[in-house]
Amino acid sequence: MTLADEAITWYAANARALPWRQPDTTPWGVLVSEVMLQQTPVVRVEPAWRSWMTRWPTPAALADDPPSEAIRMWGRLGYPRRAMRLHACAVAIVERHGGHVPSSLEHLLALPGVGTYTGRAVATFAYGQRHPVVDTNVRRVVCRAVEGKPDAGQATTAADLTAMEALLPPDSAAAARASIAFMELGAIVCTARAPRCAVCPFHDVCAWRLTGQPLPDGPSRKPQRYAGTDRQVRGLLLEVLRHATGPVPRQRLDVVWQDEVQRARALAGLVEDGLVERLGVEDFVLAGDTPKGGVQDL
DNA sequence: CAACCGTGGAC
DNA sequence: TGTCCAAGGTT
């Protein structure tokens with residue numbers, strides 16, 4: 001049995017029943033799930049995904065609403081630029097592809113917010129194509145099982161793809177199963193902190209385990225700070241704007257953060273990123289929440 | 001290309 | 001009221 005075969009067998013018996021894995025999930029549903037899952041845990045994505053798909057079952061449905069609605073529906077999933085890009089994605093899919101999520105990797109990668117991982121994930125999981133799909137879970141599993149290292153270092157996309165490619169079965173359907181199986185393995189067994197090696201299908205062949213599970217050497221990569229950063233301030237500002245029904249006077253934004261310089265910088269950043277629009281001099285709204293200056297038509 | 005971009009939960 | 005981590009992407 002190859003590693004891929006072992007993983008596929010394990011997956012068949014142990015996979016979580018996540019809604020976007022149901023056979024009737026559309027490519028749009030897969031794309032939405034992949035974007036939501038970028039740096040956000042499954043448990044928080046699941047309810048959000050259901051709400052999103054109920055409201056916007058197709059790219060065209062989302063494209064018909066303003067970005068502000070997408071930002072609101074995004075809620076507190078984090079990195080709200082993803083909501084904006086998903087909206088831009090929907091618009092692009094309508095304009096370029098007649099409302100159908102493209103199946104070619106090239107077209108997928110050209111969509112906003114779709115990078116190396118997400119593009120391959122959609123091509124593979126929605127369309128059954130044969131691509132290596134490498135996320136943080138796959139990198140960790142391959143690193144440990146094959147290379148015997150405790151953790152994957154900095155992502156080296158090309159090398160990671162090559163390493164996973166070497167493990168994929170020739171058949172495209174089997175390759176897709178192998179990729180999702182490796183991901184699931186990394187998510188619930190070969191975890192970052194407390195791997196459950198006792199129940200791992202790679203238990204007897206894992207290079208890392210067979211060499212005594214050496215600890216990471218050298219200095220660990222310093223985690224990024226959050227408290228006190230512009231990111232925190234942006235989050236606070238956006239939280240106010242999300243709940244607003246009309247234009248928000250600057251005065252209501254001023255109360256969320258003491259430091260005036262940082263507050264202004266954060267707000268300017270949100271405007272520059274297209275998440276927020278300034279109305280007149282002192283009012284702000286989520287992008288697309290612009291009240292009609294005059295009724296265009298009825 | 002290292003740094004930036006949110007948020008919450010487990011220790 | 002700290003650290004680390006979670007299906008990354010963009011610049």
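Chain naming here is simple, since letters A, B, ... match the order of the sequence lines and numbering starts at 1 in each.
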For A:H97, the side chain to side chain contact (heavy atoms under 4.5 Å, CB included) test, sequence neighbours excluded, returns A:P102, A:H107
Report the residues that fulfil side chain to side chain contact (heavy atoms under 4.5 Å, CB included) with A:A7, sequence neighbours left out, ordered by chain and then residue number.
A:A181, A:F182, A:F202
Residues within residues 49-61 of chain A bordering DNA chain B, heavy-atom distance below 4.0 Å:
none
Among the candidates C:dT10, B:dG6, B:dT7, find the nucleotide nearest to the side-chain atoms of A:R82.
B:dG6
Holding to side-chain hydrogen bond (donor to acceptor under 3.5 Å, both in side chains), I want the full list of residues that pass it with A:T2, two or more places apart in sequence or in another chain.
A:D5
Short N/O separations, protein against nucleotides 8-11 of chain B, under 3.5 angstrom:
{"residue": "B:dG8", "atom": "OP1", "partner": "A:R76", "partner atom": "NE", "Å": "2.3"}
{"residue": "B:dG8", "atom": "OP1", "partner": "A:R76", "partner atom": "NH2", "Å": "3.4"}
{"residue": "B:dG8", "atom": "OP2", "partner": "A:R76", "partner atom": "NH2", "Å": "2.9"}
{"residue": "B:dG8", "atom": "O4'", "partner": "A:R44", "partner atom": "NH1", "Å": "3.4"}

Side-chain donor-acceptor pair present, A:S172, A:Q129, cut-off under 3.5 Å:
no
Quickly work out the A:R234 CZ to B:dG6 P distance and round it to whole Å.
4 Å
Return the value, rounded to whole Å, for the distance between atom CG of A:D135 and atom P of C:dG9.
10 Å
Picking from C:dA7, C:dG8, B:dG6, which would you name as closest to the side chain of A:M183?
C:dA7
Between C:dT3, B:dG6, C:dA7, which nucleotide has the shortest distance from any of its atoms to the side chain of A:Y226?
B:dG6
Please list, chain by chain and in numerical order, all residues satisfying side-chain hydrogen bond (donor to acceptor under 3.5 Å, both in side chains) with A:N14, sequence neighbours excluded.
none
